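Read through the structure below, which is laid out as C-alpha cells, and then see the notes.
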Amino acid sequence: MPETIRAGILGATGAVGQRFIQALENHPWFEITCLAASEKSAGKKYGKAANWRLESKMPDSVTGMEIVPVDPKKVDADVVFSALPSSFAKTVEAEFAKEGFVVASNASAFRMEKDVPLVVPEVNADHLGLIDVQQDKRGWDGYIVTNPNCSTIIMVPTLKPLMAFGLESVQVATMQAVSGAGYDGVASMAIMDNIIPYIGSEEEKMESEPLKLLGEFDGSEVVPADIKISASCNRVPVMDGHTEAIWAKMTDNPTPEQVRQAFLNFKPDLGDLPTEPEQVLIVRDEPDRPQPRLDRSMGKGMSITVGRIREGIRYMAMGHNTIRGAAGASVLNAELLHKMGKL
Ligand SMILES: NC(=O)C1=CN([C@@H]2O[C@H](COP(=O)(O)OP(=O)(O)OC[C@H]3O[C@@H](n4cnc5c(N)ncnc54)[C@H](OP(=O)(O)O)[C@@H]3O)[C@@H](O)[C@H]2O)C=CC1
Ligand SMILES: N[C@@H](CC(=O)OP(=O)(O)O)C(=O)O
C-alpha cells in the first residue's frame, strides 16, 4: 500500500530508543534511515555505541549505521521518533518541528502544552485536530505529537469505557518496573529485596495527563475532563511491566459484570494499523491475574491486561511500560497520522 516513510530515532541508543528499533524493524510502512544520539555516540557505528539490552538480537540493518548528532540538519527522515531526556527534548523537538519534521515524541516536554496533541489512538484520536492549531500558532512546517507517561497510558484506556458510567474520581497505586527508569536509573542494590515508594513527578503526571486525554476537543482546544485523580507511585523489582491497582467511582454505580463487559466491548476502530493489538483490553478472570511476567507480552506488548474487577469499583491493570508505555505508543501514533494523510 503506502510508499516507505523514512524514520529517524532521536535517543536511539537508550532504553526506549532500542524499543523503537525493535518496533520499526520490518515495519510495513516505516524504514529506519537515521539514528541519532549524544555527542558521545555520534560518529560511531550503532553496533559499537549502543549497549544492546533487549532479548532479541540487534537487527543487522542498524549495526553498521553511523550515529549522527541530534540536529535537524544531520537527520535524514520524514518522521522522527523521540526518546530523548525531557530537558533536552524541550528545545530540540521544537527545532525539528520548525524544520518541517513530524515529531512523534515519547518525552514529557510538550505533553501538556495546550496546542500539542497528547494522544492514545484508541482513546482520543480526534485530538490530532490540534496539529493545525499548533502549526498556525507557531508557524512551523512540521509538528509535534506526544504520547503519555507510561503509567498514564496503561490506566487511561481502562478509564475510557468507564466514562459512559459517569466517571467521577479515580484512585490509583502503581507498582512500576525498573526499566521505566532506564538502565542506569535505579541501582540494583537499591531495588533488590525492596520497594521504593517514590518516583519523581510521576504522581503529578498521572493526575494531570489523563484529564487532557479524556477531555473534549472543541475544534480549537481540549477542555479537560472533570475527574479527580489521586495517584501513589512505587518502584518494584520487576524488569518490565507496570501494574496498577485502580479504584474508580462512577455516578451510575455499575456492577463488576457491567464493567467487565465494558472492558471486553472496548474495540475502537483504527482501521487496522500495523502496531494496533487485536484486543486493547484483555480481561483475565482468574483471581491471580494480571501478572507482569505472564501478561506483559500480550498483543506484542501493546495490550493492557485487566483483572480482579470487584465491587467498588476496584480492578488491576498491567501493561508493558517500554512498548505500550513508550516506543509502541509513538509508533502507533505515527501510523495513525499516516492513515489520516498527515504523514
Ligand atoms: N523508559 C521508559 O519506560 C519510558 C521512558 N520515557 C521517556 O523516554 C525518554 C528516554 O528514556 P530512556 O530511553 O529510558 O533514557 P536513556 O537514558 O536510556 O536514553 C537516553 C537517550 O538520549 C540520548 N541523549 C541523552 N542526552 C542527550 C543529549 N544531551 N543530546 C543528545 N542525545 C542525548 C542518549 O544518547 P547516548 O547513549 O549517546 O548518551 C540516549 O540515546 C525520556 O524522556 C523518558 O522520560 C517515557 C516513557 C517510558
Ligand atoms: N517515570 C516513568 C518513565 C518515564 O520516563 O516517564 P515520562 O515519560 O513521563 O518521563 C517510570 O519511571 O516508570
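In each ligand, atom 1 is the first atom listed, and ligand 1 is the first ligand listed. The structure displayed is predicted, hence computed values, not measured ones.
Atoms of ligand 2 lying under 4.0 Å from at least one heavy atom of Glu202, given by number and element, are 1 (N), 2 (C), 11 (C). For ligand 1, the atoms sitting less than 4.0 Å from at least one non-hydrogen atom of Thr13 are 34 (C), 35 (O), 36 (P), 37 (O), 38 (O), 40 (C), 41 (O), numbered in the order shown with element in parentheses. For ligand 1, the atoms lying closer than 4.0 Å to a non-hydrogen atom of Ala37 are 31 (C), 32 (N), 35 (O), 38 (O). Those atoms of ligand 1 with a heavy atom of Asn321 less than 4.0 angstrom away are 3 (O). Of all atoms in ligand 1, numbered sequentially from 1 with element shown, those under 4.0 Å from a heavy atom of Gly325 are 47 (C), 48 (C). Taking every non-hydrogen atom of Ser41 and a distance limit under 4.0 Å, the qualifying atoms of ligand 1 come out as 36 (P), 37 (O), 38 (O). Numbered from 1 in the order shown, with element, the atoms of ligand 1 that lie under 4.0 Å from a heavy atom of Ala107 read 43 (O). Taking every heavy atom of Arg111 and a limit of under 4.0 angstrom, the matching atoms of ligand 2 come to 7 (P), 8 (O), 9 (O). Residue contact check: Asn149 has heavy atoms under 4.0 Å from atoms 6 (O), 7 (P), 9 (O) of ligand 2. Distances below 4.0 Å separate heavy atoms of Ser86 from the following atoms of ligand 1: 43 (O). In the vicinity of Cys150, heavy-atom distances shorter than 4.0 Å reach the ligand 1 atoms 48 (C). Atom numbering of ligand 2 starts at 1 in the shown order; those under 4.0 Å from a heavy atom of His242 are 13 (O).
For the pair Cys150 and ligand 2, a heavy-atom separation below 4.0 Å is found. Using a 4.0 Å cutoff on heavy atoms, Tyr183 does not count as a contact of ligand 1.
Ring geometry for Trp29 against His27 counts as perpendicular: the plane angle is over 60°, on a 0 to 90° scale with 30° as the lower cut. Note: Phe81 and Phe20 have tilted aromatic rings, judged against thresholds of 30 and 60 degrees for the angle between ring planes.
Once rounded to the nearest 0.5 Å, the distance linking CE of Met155 with CG of Leu213 reads 9.5 Å. Arg296 CZ to Asp240 CG: the interatomic distance, rounded to the nearest 0.5 Å, is 5.5 Å. Taken to the nearest 0.5 Å, the OG1 atom of Thr4 stands 10.5 Å off from the CZ atom of Phe30. The distance from atom CE of Met65 to atom NZ of Lys45, rounded to the nearest 0.5 Å, is 10.0 Å.
With respect to Lys90 and Glu113, a salt bridge is recorded, a charged nitrogen being found less than 4.0 Å from a carboxylate O. Taking a cutoff of 4.0 Å between a charged side-chain nitrogen and a carboxylate oxygen, Glu66 and Lys44 do not qualify as a salt bridge. With salt bridges taken as basic N to acidic carboxylate O contacts below 4.0 Å, one links Asp285 and Arg260. Here Arg324 pairs with Glu122 in a salt bridge; the nearest charged N to carboxylate O distance falls below 4.0 Å. Under a 4.0 Å N-O distance rule, the pair Asp115/Arg138 qualifies as a salt bridge.
Nearest to atom 12 (O) of ligand 2 among the protein's heavy atoms is Arg235 NH2, 2.5 Å. Protein heavy atom at the shortest distance from atom 20 (C) of ligand 1 is Ala83 O, 4.0 Å. Shortest contact from atom 32 (N) of ligand 1 to any protein heavy atom: Ser38 N, 3.3 Å. The nearest heavy-atom contact from the protein to atom 19 (O) of ligand 1 is Gly14 CA, 3.2 Å. Looking only at heavy atoms of the protein, atom 31 (C) of ligand 1 is closest to Phe88 CE2, 3.2 Å. Here the heavy atom of the protein found nearest to atom 5 (O) of ligand 2 is Gly180 O, 3.9 Å. Of the protein's non-hydrogen atoms, Asn106 ND2, 2.9 Å is the one closest to atom 8 (O) of ligand 1.
A donor-acceptor pair under 3.5 Å is absent between the side-chain atoms of Ser230 and the main chain of Gln171, judged by distance alone. Asn321 places a side-chain N or O within 3.5 Å of a backbone atom of Gly241 that can act as its donor or acceptor partner.
When the heavy-atom distances from atom 24 (N) of ligand 1 to Gly11, Ala42, Pro85 are ranked, the shortest goes to Pro85. Among Ala326, Ser330, Ser179, Ala15, the residue whose heavy atom sits closest to atom 1 (N) of ligand 1 is Ser179. Nearest residue to atom 9 (C) of ligand 1 from Val16, Val92, Leu84 is Leu84 (criterion: closest heavy atom).
Contact annotation: for Ala12 versus ligand 1, heavy atoms closer than 4.0 Å belong to the backbone alone.
Put simply, atom 3 (O) of ligand 1 has protein non-hydrogen atoms near it, under 4.0 Å away. Protein heavy atoms are absent from the 4.0 Å sphere centred on atom 44 (C) of ligand 1. Counting only heavy atoms, the protein never gets under 4.0 Å from atom 15 (O) of ligand 1.
For ligand 2, the polar-atom distance check finds an N/O of Lys205 within less than 3.5 Å of one of the ligand's N/O atoms.
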- Evaluate side chain to side chain donor-acceptor pair (under 3.5 Å) for Ser151 paired with Glu202, printing each intermediate quantity in order. CA-CA 8 Å; Ser151 301; Glu202 196 79 354; 3.0 Å; yes
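Among the candidates Asn333, Asn147, Asn149, Thr146, the single residue satisfying the side chain to side chain donor-acceptor pair (under 3.5 Å) test with Asn106 is Asn147.
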